[in-house]
Amino acid sequence: MKILKNYFYNLFYQIFTILVPIITVPYISRAIGPTGTGINAYTNSMISYFVLLANFGFTLYGSRMIAYKRDDIRKMSASFWEILISKMIMMSISLGIFGLFYLFQQNYRFFLLLQSIQIVAAGLDISWLFIGLEDFKRTVIRNFIVKIFSVMLIFLFVHQKSDLWIYISILSISTLLGNLTLWTYLKKHIIHINFRELQIKQHFFPASILFLPQLTTTAFVTFNRLILGNFSTMIQTGFFDNSDKIVRIFLSVLTALGTVLFPRIAYHFQKGEQDIANKYVSIAFQITSCISFPLVAGIIVLAKPFSDLFYGASFKGVSIVLSILSVELIFMGWSSIIGQQYMVAIKKTRGLTVSILVALIICVTTSILVVPILGAVGAASISVFGECIIIIVQLFYVRNEINLKLLFDELWKYLLSSVIMFMICSIISMVLTTSAVFEIIVVGLVGVIIYFILLKLFRAKIFNYLSLIKTR
């Protein structure tokens, strides 16, 4: 029952994160325009490497260590303080390196300085403690308050293209303040430990093992924006960034269950209960597949009316980029379960690093040739291809750890149901040409109903899986 409760906490927040951009993105797209959106994406991609260095793998490593030791409050508290001090050290190093980078940077220096607040926010983030404890209520409440606060400030102070610096400041500072709020709950979970007893050095090497796949992941996620910013235009960068934002909003819904199950998988693996850990992975994989296929179909059908309504005339053509990029939801959903959750929980991070590194090398090489010609469309196509490579390599690495046949056993039901739903919804979409809002609502509701009926007709096991989770 605790898993279901945590899942709904996490799912509630993910749904909320969908609603927030529905309100803010259309406003921001018109206020700061495609160029402003591109500059924000470009500078944020640069700063993400310094944020990553500040975290240094301690976020995933920390939640895993807390999950391992949560039955002994003294050991858990010692690990918490050791990891926190380690994070502070890495934050200081990251800030120092950023200072050197800033001295030699010529473009967008002011925006980079504002983005750098995120480095400090990363160092002070202790959400990994609550994830390891499976206490998702704290992080959800924190994130909810921060989002509401930032949205209010955006509407109050961001009105035109020259307000780009205010927009970036709001996002960065709200993240910092949000991370600080979690510190108020420390006394309920952590006890005082004599700092002379702490062994800080022991955590750097295992954290660095997790840092490598996160580094390659960040490089893979950001390389398209960096290449677009250098080899194309800021407008094309804005097209890709806005499309990617929408895709990753839906991705957060797909990964909600995996995030909740991660500490549970790590806990059972540490106890030597590999079969139970694998069962949770299989269930999460099936649920992710069940949601991702119809989601992609729906986005492709509604990409044109959605883009016209959401972004406005200045983003004409972004619907093509969004349609292409949505396909990666399937592969990213799978990879979030196999790579980010399962392989990390069972300490098989080498395959995770290799999978992303192989995809990164192939995609960067291809992007340099394709992006200058096709712009955001080319970047989207390569991104989908890269995500496909990642999951193929990851499945190869875990083929002896988990039964792959069980993972894909029900796949044909989700795929066939989504194809039938897509065809019916496409016809309805062509008929409904009066209002974009009306078209999105009608096609969306009809699609959900059709898909649900088809799964029932095919007797999909997904309903059994949901019942099983409810009992845990």
Side-chain angles (χ1 to χ4, degrees), residues 14 213-214 216-225 240 243-259 261-262 281-300 303 320-344 348-349 351-364 366-367 370 376-399 402 404-419 422:
Q14 303 307 342
Q214 288 181 339
T216 51
T217 299
T218 299
F220 183 79
V221 170
T222 59
F223 85 90
N224 274 317
R225 293 173 179 80
F240 180 87
S243 299
D244 188 62
K245 280 180 180 176
I246 297 302
V247 169
R248 292 189 182 277
I249 286 169
F250 288 111
L251 177 65
S252 63
V253 176
L254 293 177
T255 58
L257 181 62
T259 303
L261 286 178
F262 171 72
V281 173
S282 179
I283 292 173
F285 194 91
Q286 292 289 338
I287 294 175
T288 300
S289 300
C290 177
I291 298 173
S292 62
F293 278 98
L295 201 55
V296 171
I299 292 174
I300 294 174
I320 300 174
V321 182
L322 179 59
S323 296
I324 296 172
L325 209 55
S326 68
V327 179
E328 70 179 3
L329 276 172
I330 297 171
F331 305 125
M332 287 193 299
W334 289 345
S335 180
S336 71
I337 300 299
I338 300 300
Q340 298 295 335
Q341 308 301 330
Y342 184 64
M343 297 177 82
V344 171
K348 296 284 185 179
T349 55
L352 176 60
T353 305
V354 171
S355 67
I356 302 170
L357 191 59
V358 170
L360 181 62
I361 294 172
I362 296 173
C363 291
V364 168
T366 311
S367 291
V370 175
V377 171
S381 302
I382 291 169
S383 184
V384 172
F385 178 61
E387 293 291 348
C388 181
I389 293 174
I390 288 173
I391 187 59
I392 289 174
V393 176
Q394 289 176 356
L395 289 172
F396 174 80
Y397 267 89
V398 300
R399 70 192 188 281
I402 193 168
L404 298 184
K405 185 178 179 181
L406 289 177
L407 296 182
F408 294 98
D409 184 43
E410 296 276 289
L411 193 66
W412 69 270
K413 297 178 182 179
Y414 311 137
L415 178 59
L416 182 57
S417 299
S418 298
V419 170
F422 174 81

From [X] [atom1] over to [Y] [atom2], what is the distance, rounded to the nearest 0.5 angstrom?
X      : Y      : atom1 : atom2 : result
Ser335 : Leu251 : OG    : CG    : 9.5 Å
Leu404 : Arg399 : CG    : CZ    : 9.0 Å
Ile390 : Phe385 : CD1   : CZ    : 11.0 Å
Ile320 : Leu325 : CD1   : CG    : 13.0 Å
Thr288 : Ile337 : OG1   : CD1   : 4.0 Å
Leu295 : Cys290 : CG    : SG    : 11.0 Å

Those residues that, when tested against [X], pass side chain to side chain contact (heavy atoms under 4.5 Å, CB included) (two or more places apart):
X      : result
Val393 : Val354, Ser355, Ile389, Tyr397
Ser326 : Val296, Ile299, Ile300
Leu415 : Phe293, Val419
Cys363 : Phe220, Phe223, Ile382

Exercise for the section: Using distance alone, with no hydrogens and no angle criterion, decide if Ser289 and Glu410 have a side-chain donor and acceptor under 3.5 Å apart. Expected result: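 Not at all, the side chains of Ser289 and Glu410 share no donor-acceptor pair under 3.5 Å.
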Practice task
Would you check if there is a donor-acceptor pair between the side chains of Gln394 and Tyr342 at a distance under 3.5 Å?
Solution key: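 No, no side-chain donor-acceptor pair sits under 3.5 Å.
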Exercise for the section: Find out whether Val281 and Val398 are in side-chain contact, i.e. whether some heavy atom of one side chain is under 4.5 Å from a heavy atom of the other. Expected result: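 Val281 does not reach Val398 side chain to side chain.
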Practice task
Answer yes or no: is there a side-chain heavy-atom contact under 4.5 Å between Leu407 and Ile338?
Solution key: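 The answer is yes; the side chains approach within 4.5 Å.
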Where do [X] and [Y] come nearest, in terms of heavy atoms and distance?
X      : Y      : answer
Ala359 : Gly386 : CB-O, 3.5 Å
Ala297 : Ser418 : CB-O, 4.0 Å
Gly378 : Val370 : CA-CG1, 3.8 Å

Problem - For Phe285, all residues meeting ring pair (Phe, Tyr, Trp, His ring centres under 6.0 Å), sequence neighbours excluded - result: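 Trp334, Phe408.
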Handout entry: Qualifying side-chain hydrogen bond (donor to acceptor under 3.5 Å, both in side chains) pairs, either residue in residues 377-392, two or more places apart
Key =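 Matches after skipping sequence neighbours: Glu328-Ser383.
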Problem - Cationic N near anionic O, under 4.0 Å, Asp409 to Lys405 - result: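 Between Lys405 and Asp409 there is no salt bridge, as every charged N stays at least 4.0 Å from the carboxylate O atoms.
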Exercise for the section: Kindly say whether Leu406 contributes a backbone atom to a donor-acceptor pair with the side chain of Gln286 at under 3.5 angstrom? Expected result: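 Confirmed, Gln286 side chain pairs with Leu406 backbone.
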